[in-house]
Participant: 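Here's a structure for you.
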There are 2 protein chains.
Amino acid sequence: MAFIGGAWTPNILWYLSTGPRRFSELRGDIPLVSAKVLTQRLRELEDHGLLSRRVLESAAPSVEYALTPLGQEFLPVIRAIALVGQKLKDRAVA
Amino acid sequence: MAFIGGAWTPNILWYLSTGPRRFSELRGDIPLVSAKVLTQRLRELEDHGLLSRRVLESAAPSVEYALTPLGQEFLPVIRAIALVGQKLKDRAVA
DNA sequence: CAGTATCCATTTCGATACTG
DNA sequence: CAGTATCGAAATGGATACTG
């Protein structure tokens, strides 16, 4: 749980599950998260080996994050969470 | 995540997944948790409808907790977490 | 763009002591 | 047994401002 317990951590993994994303893209994916907290979570996930950080060489600074094989191991957890969330939402609507 | 994010929450659901358990049994299952925090988590889960609380009529006070149908919906999440945890542990040993 | 630095408010947790 | 009450320490989060 320590790996995915932090705030927004499941969301980050979720958005990275379809492929690499840049910092600003992730911010857009999760509008409520502040840059500070997003950075914190990304660092944690990186330190735990769940994702990789790659600085893109270009005129404008750009950093791309991607799931590592280890990070992919957590996708079933994320999907299970998403599934329950969906179920509950459906129930609330119905 | 708010439902299972709290400390020890996954553990509680895990131990209840095989059937109802009493307060003291849960304390034994998770030795590091204090009575206060355990109570807090149980109350939360109860308030969210994930588990039920039943006071057993007997000489000695006894309270039994059990998963509700809603609580059972979360078991896939818990199992997914447990699976990853197991995998990581195996890897650490190997 | 991709962060870092600070500050502050809130939450949370553990330890301890006490109760019906 | 199954809690509750209280306290203090620590972690966590958001807002804001600033940097290479």
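Per chain, numbering begins at 1; letters A, B, ... match sequence-line order.
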Participant: Look up atom CG in Leu51(B) and atom OG1 in Thr68(B), then write down how far apart they are to the nearest 0.5 Å.
Facilitator: 6.5 Å
Participant: Got a sec, which residues hit side chain to side chain contact (heavy atoms under 4.5 Å, CB included) with Pro61(A), two or more places apart in sequence or on another chain?
Facilitator: none
Participant: Give every residue pair that meets the side chain to side chain donor-acceptor pair (under 3.5 Å) criterion with at least one member in residues 81-94 of chain A, sequence neighbours excluded.
Facilitator: Gln86(A)-Asp90(A), Lys87(A)-Glu73(B), Arg91(A)-Glu73(B)
Participant: What stems show up for DNA chain C when you take Watson-Crick pairs (N1-N3 plus N6-O4 or O6-N4) and G-U wobbles (N1-O2, O6-N3), both under 3.5 Å, and require three or more consecutive pairs?
Facilitator: C:1-20 with D:1-20
Participant: I'd like to check the side-chain hydrogen bond (donor to acceptor under 3.5 Å, both in side chains) partners of Arg53(A); sequence neighbours left out, ordered by chain and number.
Facilitator: Tyr65(A)
Participant: Using residues 30-37 of chain A as the side-chain source, report each donor-acceptor pair under 3.5 Å to any protein atom, sequence neighbours left out, with the distance given to one decimal.
Facilitator:
residue: Ser34(A); atom: OG; partner: Val37(A); partner atom: N; Å: 3.3

Participant: Sequence neighbours left out, what passes side-chain hydrogen bond (donor to acceptor under 3.5 Å, both in side chains) with Gln72(A)? Give chain and number order.
Facilitator: none
Participant: Nearest heavy atom decides the nucleotide; on that basis, is Trp8(A) or Pro61(A) closer to the 5' end of DNA chain D?
Facilitator: Trp8(A)
Participant: Could you pull out all residues at least two apart from Phe3(B) that satisfy ring-ring contact (aromatic ring centres under 6.0 Å, His included)?
Facilitator: His48(B), Phe74(B)
Participant: Taking any atom closer than 4.0 angstrom to a non-hydrogen atom of chain B, what span of DNA chain D does the protein reach, first nucleotide to last?
Facilitator: dC1(D) to dC7(D)
Participant: Can you list every ring-ring contact (aromatic ring centres under 6.0 Å, His included) pair that touches residues 15-37 of chain B, not counting sequence neighbours?
Facilitator: none
Participant: Which residues in residues 21-46 of chain A have at least one heavy atom lying under 4.0 Å from any atom of DNA chain D?
Facilitator: Lys36(A), Val37(A), Gln40(A), Arg41(A)
Participant: Listed by chain and number, what are the salt bridge (Lys or Arg N to Asp or Glu O under 4.0 Å) partners of Arg22(A), not counting sequence neighbours?
Facilitator: none
Participant: In residues 76-83 of chain B, what donor-acceptor pairs under 3.5 Å come from side-chain atoms, sequence neighbours left out?
Facilitator:
none

